[in-house]
Amino acid sequence: MAGLSLRHIYKKYPGGVTAVSDFNLEIKDKEFLIFVGPSGCGKSTTLRMIAGLEEISEGELYIGDKYVNDVAPKDRDIAMVFQNYALYPHMTVFDNMAFGLKLRKVPKEQIKKRVEEAARILDIGHLLERRPKALSGGQKQRVALGRAIVRNPKVFLLDEPLSNLDAKLRASMRTELTKLHKKVETTFIYVTHDQVEAMTMASRIVVMRDGLIQQVDTPQNLYDSPCNLFVAGFIGTPQMNFINGKLEKKGQNLYATFGTTEIKLPSDKANNPALKEYIDREVIFGIRPEAIHDEAMYIQTMTDSLMKVNVDVTELMGAEIYLYLGFEGMEDATGNKNIIARVSSRSQARSGDDITVAIDASRIHIFDRDTEKCICH
C-alpha cells in the first residue's frame, strides 16, 4: 500500500495552455481522496499524470517513496477504472477480469483465486461466464472494478466511473464503492464533477478550478468553512445564496444590511477582528438555503434577523420544499433573481405569497467582494 506525493506539478500543452498549475498534495495511504470541480478544471489531467497516461511538464510525483515521473504506467502498481468501462466485448466477465494477470504470466490457479475473490466482493460471481453485451451498466461497472481489484494495486484511480449510470444506480454504487474501499484497504483517488459523490464518499476532497487547487479538506469542513466564494458555491445542494450588501455598526452591534433588510450578527461574529476593516464597506453575504426558516417558532425567536420576501416559485422535493424568494432592493451577487430557502414539507408558503422568513445569523458567511476570499464563517 502507498501514499502519494505531488510536488509542484504542472501540465503545459503546446501553444501556452497550462491545464494544471503548481499542484502540491500529500495523499495518505488508504485514503479515499476525490478531485472535484467543473469541466476543464484539470482534475482528469491530474489523474492521468498520476497514472502515467499524461507526461508531467514540471514537478515531481512519488508513489510511496519511489520517484515515478519516468516510470511506465504498467510499472507504477496502479489500476485505473474508466468512465466507459473499457471491457473487451468478445471476452467473458472472467476473462476480462483475468486479462491483466494473464499478461503478467500469473499462474492459472492464482488467477482463478483472485478473480473469484474479487467477484465475491463485488457480488458478480453469477456473471463470470457472461459477455459484456449481456450486462447492465451497473454490472459492467462492477466488472471494471473487479478487473482493477484482482491486480492488488497500491493505488486505485477512478475517472468519473459512475457518470454513465442512471440516478438510482449511481446512488447505490456510491455506497458500494465506499464499502469496497473499506474492504480492500487501498488508496483510492477518484475524479468527479458531481459534488454529491464527493461529499458522500471522500475522506478528503480536493476542489479545483482552472488548474489550481482551491481547497483541500474533509467534506464537512468544506461545507462549513469554505475558503472562498467558488468553493462555497460549488459544495452544497442547492448551492449557497450570495447577496451583495454592507456591514454596518450601530452602537455596539454589527449588522448585515441588504435592500431594506437589517440582520444583527451574533457577538462572536461581530467581535471577529477580521471584520473591523470591512465596516461600512460592500461585502458578499453567503447564506445556506437551510439557514432560512419560515416556521413560526423561528420567526418568533429570531426577531433580530427577519426578512420580508415574496415567494416566486415553490418546488416540492418530498421531505422538504425549496422556496425561491425575492425581496425589496434585492441584489444577488451571482445575477440570480432569487435566493433559495430549504424548508419543511409542512410549509404553507405558496407562489405569490408575501411572507416573513428568519435568517440564522450564526450561519452567515462573509466574503471580500474583490478577492472573493472568505473573511468570516
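Quantities reported herein were computed from a predicted structural model and do not represent experimental measurements.
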Worksheet item: Ring centres of F327 and F258 under 6.0 Å apart?
Response: yes
Practice prompt. Examine R204 relative to F32 and say whether NZ or CZ is less than 6.0 Å from the centre of the six-membered ring and inside a 45° cone about the ring axis.
Written response: no
Worksheet item: Do R288 and Y223 meet the cation-pi criteria used here (NZ or CZ under 6.0 Å from the six-membered ring centre, within 45° of the axis)?
Response: yes
Worksheet item: F367 and F230: aromatic ring centres closer than 6.0 Å?
Response: no
Practice prompt. With rounding to the nearest 0.5 Å, note down the distance linking NZ in K308 to CG in L325.
Written response: 14.0 Å
Item to complete: May I ask you to decide if M317's main-chain N or O and E320's side chain share a donor-acceptor pair within less than 3.5 Å?
Response: no
Discussion item. Counting neighbours of CG on D75 that are heavy atoms of other residues, nucleotides or ligands and sit closer than 6.0 Å, is the number greater than 12?
Written reply: yes
Fill in: Nearest heavy atoms of C227 and V231, plus distance in Å
SG-CG2, 4.2 Å
Worksheet item: So, do F23 and M49 sit near enough that their side-chain heavy atoms are less than 4.5 Å apart?
Response: no
Discussion item. Check whether R76 reaches the backbone of V68 with its side chain - one donor and one acceptor, N or O, closer than 3.5 Å.
Written reply: yes
Item to complete: Answer yes when R363 and E290 have at least one side-chain N-carboxylate O distance shorter than 4.0 Å, and no when they do not.
Response: yes
Discussion item. Quick check on the 6.0 Å ring-centre criterion: do Y88 and F99 meet it?
Written reply: yes
Discussion item. Taking the six-membered ring of Y255 as reference, does the cationic atom of K250 (NZ for Lys, CZ for Arg) lie under 6.0 Å from its centre and within 45° of its axis?
Written reply: yes
Item to complete: State, with a plain yes or no, whether a side-chain heavy atom of N96 is found less than 4.5 Å away from one of P132.
Response: yes
Worksheet entry | Residue of the set T257, L247, N244 for which side chain to side chain contact (heavy atoms under 4.5 Å, CB included) holds with F285 | L247
Discussion item. Run the side chain to side chain donor-acceptor pair (under 3.5 Å) test on T45 and E54 for me, step by step, so that the C-alpha distance in whole Å, both residues' side-chain angles and the decisive distance to 0.1 Å come before the verdict.
Written reply: CA-CA 7 Å; T45 302; E54 290 275 1; 5.5 Å; no
Fill in: Cation-pi, Y13 ring and K11 (6.0 angstrom, 45 degrees)
yes
Item to complete: For side-chain contact (heavy atoms from CB on, under 4.5 Å), just list the numbers for Q110 and R114, CA-CA rounded to whole Å, side-chain angles, deciding distance to a tenth of an Å, and then say yes or no.
Response: CA-CA 6 Å; Q110 200 174 340; R114 285 203 207 172; 3.0 Å; yes
Discussion item. Tell me if the CD atom of E55 is crowded by more than 12 foreign heavy atoms within 6.0 Å.
Written reply: no
Practice prompt. Report, as yes or no, whether the 6.0 Å neighbourhood of atom NZ on K102 holds more than 12 heavy atoms from other residues, nucleotides or ligands.
Written response: yes
Worksheet item: Any donor and acceptor pair, going by atom type alone, linking the side chain of R151 with main-chain N or O of R147 inside 3.5 Å?
Response: no
Fill in: Residue pair I287 / I243, side-chain heavy-atom distance below 4.5 Å
yes
Worksheet item: Do NZ/NE/NH1/NH2 and the carboxylate oxygens of E116 and R120 come within less than 4.0 Å?
Response: no
Worksheet entry | Linked, directly or transitively: V216 and I50 (ILVMFWY side chains, under 4.5 Å) | yes
Practice prompt. Ignoring hydrogens and angles, state whether a donor on the side chain of Y190 or E160 is under 3.5 Å from an acceptor on the partner side chain.
Written response: no
Worksheet item: Is there a side chain to side chain donor-acceptor pair (under 3.5 Å) between N310 and D312 once you walk through the steps?
Response: CA-CA 6 Å; N310 176 262; D312 190 17; over 6 Å; no
Discussion item. Side chain to side chain donor-acceptor pair (under 3.5 Å), that's the test. Do D194 and T192 meet it? Break it down for me.
Written reply: CA-CA 5 Å; D194 184 343; T192 181; 5.3 Å; no
Worksheet item: Between F188 and H181, what is the ring plane arrangement, given parallel below 30°, perpendicular above 60°, and tilted in between?
Response: perpendicular
